[in-house]
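Okay, so here's the structure we're looking at.
Indexing begins at 1, ligand by ligand and atom by atom, following the structure's order. Everything numeric in this text was worked out from a predicted model, so none of it was measured.
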Amino acid sequence: MIRHYSRSAAMRGVGVIAAGLLLAGSLSACSATSTGDVAEVSTLQNGKDLGYLRVGIANEPPYTEVNADGSVHGGEPDVLREVLKTMGIGEIQGVITPYDAMIPGLNANRWDVVAAGLFMKQSRCAAVAYSEPVIVSTESYGTPVGNPKNITTIADALDNPDFKIAVLSGGFEEGILKTAELPESQVVLVKDSRSGMEAVTANRADAFLLPTLSLKSLVEQDPSIEVTDPIDDAPRTGSGAAFRKGDTELLAEYNKQLAIFKDTQAYTDIMVKWGFDPEAAKGVTAAELCKNEG
Ligand code: 6CS
């Protein structure tokens, strides 16, 4: 089942309904004991009791994809679902949200985990508890066909003051340009990937910086854009499941089962199905990826 989360909707009304649900399903949850007392239950136990965890996603294939029937798929949710099954939690419920709302929503108990390709970096690792990496991937530019300005690196943008680069507001890529100290006048903030593509086709930007595989998925619908090779001077991006810092039991159990799952054919099949390198996330740790600036 899918819920669309927008801050205004939550603050207006849905929040209330969700708040009711939230009280029933988080704050690591409370449940009535046989003596009628209210007992606090961990998010892990609550997930087992309810039979599902709520997951923050973005609907950006191949990291996350929502089917017409509302079911959630993609590299990250498919791994999450399989690992949770080994922990006695049968399903996941997706909540679509922008990247810059994922961590605030997690820590406000609007969902229990983020599994969306939310790339690890210092500020995010300080705010949530990431599992070990599930996916390691690359960044690219989406440019007009023929890449007329021959933009292939972050340095190209720095060396050409007239180049304009579109990035998702609050996304990892905005952080890349900030860390590289690209002047704000060259940065075009967009609210979602469709607007990023439109910024390029409308000549409001010379390139759209996004994960390579996300761009490849987008150009299937929009052949007026082409995708550059992975950007050499962009940081290595990696993501895993992100939990609330307090959910130490859930994180420990998840990492234990994830380590086993990453050595199975099922993990390889999921990565290959969505176009990810099944070996890339085996050679790196969350601690290493959390060193990414930003
Ligand atoms: O972690 C992020 O913010 C980025 N991750 C993905 C999969 N797409 C864009 C987003 O900026």
Check your understanding: Can you find an N/O atom of Glu60 closer than 3.5 Å to an N/O atom of ligand 1?
Key -> yes
Point to revise | Full working for ring-ring contact (aromatic ring centres under 6.0 Å, His included) between Tyr63 and Phe276 | key: CA-CA 9 Å; Tyr63 295 86; Phe276 297 107; 5.0 Å; yes
Study note, to complete from the structure: When distances are taken from atom 5 (N) of ligand 1, the protein heavy atom at minimum range is Gly117 O, 2.8 Å
Check your understanding: Between Glu220 and Lys216, is there a salt bridge with N-O shorter than 4.0 Å?
Key -> no
**Study point:** Location of contacts on Phe172 toward ligand 1, heavy atoms closer than 4.0 Å
**Key:** both
Point to revise | NZ/NE/NH1/NH2 to OD/OE distance under 4.0 Å, Lys164 and Asp206 | key: no
Study note, to complete from the structure: Within 4.0 Å of some non-hydrogen atom of Gly171, the atoms of ligand 1 are 3 (O), 11 (O)
Practice item. Give the contacting part of Tyr63 toward ligand 1: side chain, backbone, both or neither, where contact means a heavy-atom distance below 4.0 Å. Key: side chain
Practice item. Please state which part of Pro211 comes within less than 4.0 Å of ligand 1, counting heavy atoms only: side chain, backbone, both or neither. Key: side chain
Practice item. Taking atom types as modelled, find out whether Asp247 and Thr43 have a side-chain donor-acceptor pair closer than 3.5 angstrom. Key: yes
Exercise for review: Check ring pair (Phe, Tyr, Trp, His ring centres under 6.0 Å) between Phe208 and all other residues, then give those that pass, not counting sequence neighbours.
Suggested key: none
Check your understanding: Which of these, Val190, Val219, Asp192, sits in a side chain to side chain contact (heavy atoms under 4.5 Å, CB included) with Met197?
Key -> Val219
Point to revise | Leu118 N/O to ligand 1 N/O under 3.5 Å | key: no
Point to revise | Residue part near ligand 1, for Glu76, under 4.0 Å between non-hydrogen atoms | key: neither
Check your understanding: At a 4.0 Å cut-off, with the gap strictly under it, does some heavy atom of Arg124 reach an atom of ligand 1?
Key -> yes
Review point. Is the shortest distance from a Lys or Arg side-chain nitrogen in Glu293 or Lys121 to a carboxylate oxygen in the other one below 4.0 Å?
Key: no
Review point. Ion pair present between Lys149 and Asp156, side-chain N to carboxylate O less than 4.0 angstrom?
Key: no
Check your understanding: Taking only heavy atoms of Leu168, which atoms of ligand 1 are found under 4.0 Å from at least one of them?
Key -> 9 (C), 11 (O)
**Study point:** Proximal candidate to atom 10 (C) of ligand 1 [heavy atom criterion; set Glu139, Met102, Glu173, Met120]
**Key:** Glu173
